[in-house]
Undergrad: 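Questions regarding the structure given below will be posed in turn.
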Amino acid sequence: MKRFGGVSAAGGIAIAIVALWLAPARATDQDRLDQIDFPVRTVTVVVPFARGGPTDTVARLIAVEMAKTLGQPIEIENILGAGGTLAATRVAHATPDGHTLIVGHMGTHGSAAALSPKLGYRPDKDFEPVALLAEMPVLLLARRDFPPKDMTEFKTFVKSHTDNINVAHAGFGSVSYASCLLLDRLLGVDPTAVPFSGTGPAMQALIDGQVDYMCDQIVNAVPALREDKIKAYVIASAERDSAVPQVPTAAEAGVPGFRIAAWTGLFAPRGTPEPIVAKLNAAVSRALDQSEVRTRLTDLGGIVPGPEQRSPVVLAQLVHDEITRWGSVAKGSTP
Ligand code: MLT
């Protein structure tokens with residue numbers, strides 16, 4: 001899973017030498033960024049889901065540090081609805097001056113586009129990717145008293161009780177929706193999907209026992225798992241995660257095809273000038289290097305992108321790959 005993990009010892013030395021060599025150029029780059037007259041007022045970062053969920057958590061964590069670098073306040077605006085696509089449509093049509101941004105993810109900029117062809121925006125054409133913020137393993141979670149003890153029992157139980165089972169998600173095309181859609185396909189089940197405005201409120205419904213299970217990003221699951229308020233059957237990754245080491249991988253749990261690499265990234269409307277994107281990118285990168293941010297994200301199971309994963313090009317490629325991957329799920333296959 002550590003797709004954005006570290007470098008080998010030899011690679012580390014090579015990077016250190018290159019970094020020394022580049023040091024004067026970096027200073028010049030910083031001077032260039034400092035001269036850009038941006039931002040000139042409060043920057044609005046739109047979160048396309050409810051407060052308290054994984055997207056909101058990452059956005060708020062990074063925005064605090066970005067505001068310090070940029071020298072202007074950052075306001076988080078939660079715009080809810082339609083699996084995050086309402087907010088993405090709004091930002092796609094905002095003035096491209098860097099003062100309105102969106103924290104998008106594998107859903108708004110990948111699976112949503114593949115699963116709903118009639119979106120009001122094109123994730124790969126209507127935005128300037130700024131930077132990847134985090135990678136998020138996905139877990140299959142259930143209410144604490146959901147009867148199956150492990151994934152083998154889960155498969156049998158859900159198959160035989162499909163009509164009476166409710167699965168929470170954050171709207172059509174969202175990460176939670178797409179992840180459990182893939183699981184349904186793999187298990188050959190069709191439970192009732194119950195939409196919420198984000199997996200923040202969906203998690204509360206799971207804790208309260210109002211829904212049976214959901215597929216959610218790790219940062220939203222770890223606090224409730226640590227307090228034993230819910231349970232986890234599987235992490236949809238190749239490796240276990242140190243934040244929840246007791247949770248088996250997809251292969252260990254007998255569902256090797258259940259592999260999701262969710263991610264969260266910052267996007268600006270298309271046409272935002274390159275120097276502004278570069279200044280925002282540098283502010284994200286600095287935020288990701290702050291120990292408060294790294295410690296908090298890692299503690300919750302999130303993966304902090306390495307320096308080589310923070311360019312707009314990497315984020316653009318992720319968007320492209322995700323649309324392709326979920327396109328084949330939309331056609332009924334299980335990639
Ligand atoms: C999702 O399922 O897409 C997210 O978990 C939504 C959220 O951040 O609440």
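Both counts, for ligands and for their atoms, begin at 1 and track the order of listing.
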Undergrad: Measure N220 to ligand 1 on non-hydrogen atoms and call it side chain, backbone, both or neither using the 4.0 Å cut-off.
TA: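 Looking at N220 and ligand 1, no heavy atom falls under 4.0 Å.
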Undergrad: Can you report which non-hydrogen protein atom sits closest to atom 8 (O) of ligand 1, along with the distance?
TA: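 Going atom by atom, the protein heavy atom closest to atom 8 (O) of ligand 1 ends up being T55 OG1, 2.5 Å.
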Undergrad: So, do Y233 and Y213 have ring centers that fall under 6.0 Å from each other?
TA: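 Between Y213 and Y233, which both carry aromatic rings, the centre distance is not below 6.0 Å.
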Undergrad: Do the rings of H105 and F49 sit parallel, tilted or perpendicular, given the 30° and 60° boundaries?
TA: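 Rings of H105 and F49: tilted, 30 to 60°.
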Undergrad: Looking at ligand 1, does any of its N/O atoms fall within less than 3.5 Å of an N/O of G198?
TA: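 No, no N or O pair falls under 3.5 Å.
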Undergrad: Under 4.0 Å from a heavy atom of D216: which atoms of ligand 1 are those, numbered in the order shown and with their elements?
TA: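 By the 4.0 Å cutoff, the relevant atoms are 5 (O).
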Undergrad: When you measure from atom 2 (O) of ligand 1 to each heavy atom in S176, A112, A221, which option holds the nearest one?
TA: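 When every heavy atom of S176, A112, A221 is considered, S176 comes closest to atom 2 (O) of ligand 1.
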Undergrad: Can G107 be said to touch ligand 1, with heavy atoms closer than 4.0 Å?
TA: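 For ligand 1, residue contact (heavy atoms, under 4.0 Å) with G107 is absent.
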Undergrad: Is it true that D321 and R325 make a salt bridge, defined as a side-chain N closer than 4.0 Å to a carboxylate O?
TA: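 No, D321 and R325 are not salt-bridged.
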Undergrad: For ligand 1, which atoms, with element, lie under 4.0 Å from some heavy atom of A170?
TA: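 The list of qualifying atoms is 1 (C), 2 (O), 6 (C).
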Undergrad: For atom 3 (O) of ligand 1, what's the nearest protein heavy-atom neighbour? Residue, atom name and distance, please.
TA: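 Sorting protein heavy atoms by distance from atom 3 (O) of ligand 1 puts H105 NE2, 2.7 Å first.
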Undergrad: I need the nearest protein heavy-atom contact for atom 4 (C) of ligand 1: residue, atom name and distance, please.
TA: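 Answer, as residue, atom name and distance: Q217 NE2, 3.4 Å.
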Undergrad: With side-chain contact (heavy atoms from CB on, under 4.5 Å) as the test, would you mind laying out the steps for F258 and L140 before giving the verdict?
TA: CA-CA 10 Å; F258 186 47; L140 169 60; 4.3 Å; yes
Undergrad: Hey, would you say the F157 and F146 ring centroids sit under 6.0 Å apart?
TA: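 Yes.
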Undergrad: For atom 5 (O) of ligand 1, which protein heavy atom lies nearest, and how many Å away is it?
TA: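 Of every protein heavy atom, T199 OG1, 2.7 Å lies nearest to atom 5 (O) of ligand 1.
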Undergrad: Ring centroid separation for F267 and H109, is it under 6.0 angstrom?
TA: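 F267 vs H109: aromatic centres under 6.0 Å.
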Undergrad: Are R226 and D299 within salt-bridge range, i.e. N to O under 4.0 Å?
TA: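 Result for this pair is yes, salt bridge flagged.
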